[in-house]
Amino acid sequence: MADETNSLPRSMDWWQKKFIDIATGCSDALLKDAKKFPTYGEATQYVRKVNGMAKGIVDNSSSSAGMKFNDIVCDLTLHRIYEEERKLPIIRGESDGD
């Protein structure tokens with residue numbers, strides 16, 4: 001086993017990729033749960049409820065970091081839901097007033 005006390009610190013690129021991988025992984029899991037609902041509206045509401053769990057009393061720096069991470073993951077997930085929803089075709093029918 002290598003002695004890590006003498007090794008160089010990890011690069012900024014490594015940390016950036018690590019944070020992105022973790023946030024994306026959490027967002028994937030949240031999105032999978034949200035998509036169990038029958039509508040985008042209900043899926044969005046679910047993600048917002050999860051996001052609301054983070055709001056509360058911050059008594060230490062770990063709690064504060066957890067709240068910020070929750071916000072990041074939920075914002076990413078909502079963005080992904082909206083992005084998918086925006087790709088849906090417009091439904092045109094007889095009742096559109098034309």
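Worth saying up front: this structure is predicted, and the values here are computed from it rather than measured. The first residue in the sequence is number 1, and the count goes up from there.
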With sequence neighbours left out, the residues meeting side-chain hydrogen bond (donor to acceptor under 3.5 Å, both in side chains) with Asp13 are none
Nearest 0.5 Å, what's the NZ-CD1 distance between Lys68 and Ile72?
9.0 Å
Least distance between heavy atoms, Phe69 atom then Cys26 atom:
CE2-SG, 3.8 Å
Any ion pair linking Lys17 and Asp21 (charged N to carboxylate O, less than 4.0 Å)?
yes
Hey, mind stepping through Asp75 and Asn51 against side-chain contact (heavy atoms from CB on, under 4.5 Å) and telling me if it holds?
CA-CA 8 Å; Asp75 285 350; Asn51 193 344; 4.1 Å; yes
Verdict with supporting geometry, Arg80 and Ser27, side-chain contact (heavy atoms from CB on, under 4.5 Å):
CA-CA 9 Å; Arg80 292 170 73 187; Ser27 177; 2.9 Å; yes
Output the distance between atom OH (Tyr82) and atom CZ (Arg86), rounded to the nearest 0.5 Å.
8.5 Å
Hydrophobic clusters here meaning ILVMFWY residues chained together by side-chain heavy-atom distances under 4.5 Å, can you tell me if Ile22 and Leu76 are in one?
no
Does Leu30 share a hydrophobic cluster with Phe19, counting links as ILVMFWY side-chain heavy atoms below 4.5 Å and allowing steps through other members?
no
Quick check: closest heavy atoms across Ala34 and Ala43, and the distance to 0.1 Å?
O-CB, 3.2 Å
Report yes if some heavy atom in the side chain of Leu88 is under 4.5 Å from a heavy atom in the side chain of Tyr40; otherwise report no.
yes
For the backbone of Ile20 and the side chain of Thr24, can you confirm whether one donor and one acceptor N or O come within less than 3.5 Å of each other?
yes
Identify whether the distance between the nearest side-chain nitrogen and carboxylate oxygen of Glu84 and Lys35 falls below 4.0 Å.
yes
Could you tell me which residues satisfy side-chain hydrogen bond (donor to acceptor under 3.5 Å, both in side chains) with Asp71, sequence neighbours excluded, listed by chain and number?
Lys55
With rounding to the nearest 0.5 Å, note down the distance linking CE in Met53 to CE in Met67.
11.5 Å
Distance from Thr44 atom OG1 to Lys49 atom NZ, nearest 0.5 Å?
12.5 Å
Nearest-0.5 Å distance that lies between atom CG in Asp28 and atom CG in Asp33:
11.5 Å
